[in-house]
Amino acid sequence: MRVAVLHPQTAFVRGGAEMHAEGLVRALRAAGHEADLVQIAGKWYPASQLAHQMAVWRSFDITESNGLKVDAVIGLKFPAYLVEHERKIVWLMHQHRTAYELWDHPEYADLSRQEDGPAVRDMVWNADRLALNEAKRVFTNSSNVKERLWTSLRIPSEVLYHPSPAMEHLLDEPSGPLGDYVLFPSRMESLKRQSLVVDAMQHVKSAATLLLVGKGPDEQALRDRVDRLGLQQRVRFEIEVTDERLFQLYEGALAVYYGPFDEYYGYVTL
């Protein structure tokens with residue numbers, strides 16, 4: 001079977017969503033299918049651009065490629081699952097959160113603060129109702145996402161958990177001695193809340209340090225926060241580490257912190 005895994009890619013960003021999409025393609029190929037990752041780059045701001053991205057995915061013809069039929073498509077994230085296909089399956093990682101549970105959040109709201117935000121939110125809800133009800137099956141990657149989908153749109157789904165490649169690798173490694181640092185590997189952005197654990201380091205009495213791993217739009221703000229609090233000797237950064245380095249950091253960590261706001265799944269906990 002020829003299967004297209006559909007993923008909306010933000011340029012220069014790599015995180016759990018990208019790992020999930022790539023892992024799904026590998027698993028499909030291992031199961032004997034001809035699978036490929038189909039990506040369209042885009043951004044979610046301003047609101048008018050979000051509407052444009054919805055139109056791009058909805059009008060995208062993936063019924064065949066290079067003259068050969070595509071037997072099935074799997075959409076993982078908004079707006080990729082808006083695509084039309086006779087055998088569409090959705091494995092939902094999350095909806096467009098600022099159109100749903102973050103709409104009126106005092107800190108994380110974004111869409112509601114834009115002039116055309118309400119109109120675009122209505123478009124998102126209507127498009128989701130249409131596209132998700134078109135799917136032959138709807139899975140979610142966690143019970144949290146399943147509950148959100150049901151609460152907002154009354155669309156039923158089945159939870160289908162997926163493994164973490166890093167977890168599978170680490171399970172095969174012998175355990176080593178504990179280090180002296182608390183590890184937080186994650187994209188550096190407000191929803192991940194690195195700022196909470198940075199602030200907490202002001203109150204640590206032991207010699208433990210904090211290691212933030214990743215990259216993202218909040219990197220400079222976090223560095224400025226560390227400087228402002230005088231924590232230069234307590235908080236370290238490692239940007240864009242290799243998989244091998246990340247494995248080493250997990251194995252040597254005293255503890256692992258994970259504090260994103262209302263996370264939908266999260267590889268780090270695994």
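In this structure, Lys192 contributes its side chain and Phe261 its backbone to no donor-acceptor pair below 3.5 Å. Side chain of Arg121 to backbone of Gly117: no donor-acceptor contact under 3.5 angstrom is found. Using a distance-only test at 3.5 Å, with no hydrogens or angles considered, no donor-acceptor pair links the side chain of Trp44 to the main chain of His96. The main-chain N or O of Thr10 is never found under 3.5 Å from a side-chain atom of Lys43 such that the two would form a donor-acceptor pair. No side-chain donor-acceptor contact under 3.5 Å links Asp128 to the backbone of Leu153. Asp36 places no side-chain N or O within donor-acceptor distance of the main-chain N or O of Ala4, the cut-off being under 3.5 Å. Side chain of Arg234 to backbone of Met201: no donor-acceptor contact under 3.5 angstrom is found. Judged purely by atom type and a 3.5 angstrom limit, His105 uses its side chain to pair as donor or acceptor with the backbone of Glu107. Proximity of a side-chain donor or acceptor of Glu263 to a complementary backbone N or O of Pro260 within less than 3.5 Å is not detected.
The same ILVMFWY cluster, assembled from side-chain heavy atoms under 4.5 Å apart, contains both Met93 and Leu28. Both Val204 and Val226 are part of a single hydrophobic cluster, where members link through side-chain heavy atoms under 4.5 Å apart. In the hydrophobic clustering of this structure, Leu196 groups with Leu210; members are Ile, Leu, Val, Met, Phe, Trp, Tyr whose side-chain heavy atoms approach within less than 4.5 Å, directly or through other members. Both Leu170 and Phe184 belong to a common hydrophobic cluster when Ile, Leu, Val, Met, Phe, Trp and Tyr are linked at side-chain heavy-atom distances under 4.5 angstrom. No single ILVMFWY cluster, assembled from side-chain heavy atoms under 4.5 Å apart, contains both Leu37 and Val83.
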Handout entry: Steps toward salt bridge (Lys or Arg N to Asp or Glu O under 4.0 Å) verdict (Glu219, Arg225)
Key = CA-CA 10 Å; Glu219 179 189 340; Arg225 195 183 199 97; over 6 Å; no

Practice task
List the steps and the verdict of side-chain contact (heavy atoms from CB on, under 4.5 Å) for Leu92 and Ser157.
Solution key: CA-CA 9 Å; Leu92 186 63; Ser157 60; over 6 Å; no

Handout entry: Pair Asn141-Leu160, side-chain contact (heavy atoms from CB on, under 4.5 Å): steps then yes or no
Key = CA-CA 5 Å; Asn141 69 341; Leu160 180 61; over 6 Å; no

Practice task
Please report the C-alpha distance between Leu132 and Tyr81 in whole Å, then the side-chain angles of each, then the deciding distance to 0.1 Å, and finally whether the side-chain contact (heavy atoms from CB on, under 4.5 Å) criterion is met.
Solution key: CA-CA 7 Å; Leu132 292 171; Tyr81 55 71; 3.9 Å; yes

Practice task
Take Arg97 and Asp110, measure what salt bridge (Lys or Arg N to Asp or Glu O under 4.0 Å) needs, and give me the verdict at the end.
Solution key: CA-CA 10 Å; Arg97 296 185 64 188; Asp110 171 73; over 6 Å; no

Practice task
Could you walk me through whether Glu34 and Val3 pass the side-chain contact (heavy atoms from CB on, under 4.5 Å) test, one step at a time?
Solution key: CA-CA 6 Å; Glu34 184 181 355; Val3 183; over 6 Å; no

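Between Tyr267 and His20, the ring centre distance reaches or exceeds 6.0 Å.
Listed here is the closest heavy atom pair of Val90 and Ala135: CG2-CB, 3.8 Å. Considering all non-hydrogen atoms of both residues, Ala99 and Leu111 come closest at CB-CD2, 4.0 Å. Of all heavy-atom pairs spanning Leu254 and Ala208, the tightest one is CD2-CB, 4.2 Å. Of all heavy-atom pairs spanning Leu270 and Ser164, the tightest one is CD1-CB, 4.0 Å. Minimum heavy-atom separation, Gln114 to Ala47: OE1-N, 2.7 Å. Closest of all the heavy-atom pairs between Gln53 and Ala41 is OE1-O, 3.7 Å.
Listed by chain and number, the residues in a side chain to side chain contact (heavy atoms under 4.5 Å, CB included) with Arg137 are Ile89, Phe139, Glu158 (sequence neighbours excluded).
Taken from CD in Glu238 to CZ in Arg245, the straight-line distance is 4.0 Å, to the nearest 0.5 Å. With rounding to the nearest 0.5 Å, the separation of OG1 in Thr209 from OH in Tyr181 is 8.5 Å. One distance of note links CE of Met188 with CG of Asp218; it measures 9.5 Å at 0.5 Å rounding. Rounding to the nearest 0.5 Å places CG of Asp180 at 10.0 Å from CG of Leu211. Taken to the nearest 0.5 Å, the CE atom of Met54 stands 11.5 Å off from the OG atom of Ser59. How far CD of Glu101 is from CD of Glu147: 11.5 Å, rounded to the nearest 0.5 Å.
Residues Asp104 and Ser112 form no side-chain contact, since every pair of their non-hydrogen atoms from C-beta on lies 4.5 Å or further apart. Taking 4.5 Å as the limit, some side-chain heavy atom of Leu24 sits within range of a side-chain heavy atom of Trp91. In this structure, the side chains of Leu149 and Gln95 come closer than 4.5 Å at one or more pairs of heavy atoms. Between Gln9 and Glu18 the shortest side-chain heavy-atom distance falls below 4.5 Å. By the 4.5 Å heavy-atom criterion applied to side chains, Tyr250 and Leu183 are counted as neighbours. Between Val56 and Ile40, some side-chain heavy-atom pair lies under the 4.5 Å cut-off. Counting heavy atoms from C-beta on, the side chains of Phe60 and Val38 come closer than 4.5 Å. At least one side-chain heavy atom of Leu102 sits under 4.5 Å from a side-chain heavy atom of Tyr108.
With 3.5 Å as the limit, one finds no donor-acceptor pair spanning the side chains of Gln248 and Glu244. Side-chain atoms of Gln194 and Tyr257 include no donor-acceptor pair closer than 3.5 Å.
Within a 6.0 Å radius of CD in Glu115, no more than 12 heavy atoms belonging to other residues, nucleotides or ligands are found. No more than 12 heavy-atom neighbours from other residues, nucleotides or ligands sit within 6.0 angstrom of CZ on Arg87. Residue Tyr45 places its OH atom among 12 or fewer non-hydrogen atoms of other residues, nucleotides or ligands, all under 6.0 Å distant. Environment of CD in Gln233: sparse, with no more than 12 heavy atoms of neighbouring residues, nucleotides or ligands closer than 6.0 Å.
Aromatic ring orientation, His169 versus Phe247: parallel (interplanar angle below 30°, classes split at 30° and 60°).
A salt bridge links Arg148 to Asp262: one of the charged nitrogens lies within less than 4.0 Å of a carboxylate oxygen. Residues Arg29 and Glu22 are not paired through a salt bridge, judged by the lack of any N-O separation under 4.0 Å between the basic side chain and the carboxylate.
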Can I get a per-line list of side-chain donor-acceptor pairs under 3.5 Å for residues 63-78, giving both atom names and the distance, sequence neighbours left out?
| residue | atom | partner | partner atom | Å |
| --- | --- | --- | --- | --- |
| Thr63 | OG1 | Asp61 | OD1 | 2.6 |
| Lys69 | NZ | Glu86 | OE2 | 3.3 |
| Asp71 | OD2 | Arg2 | N | 2.7 |

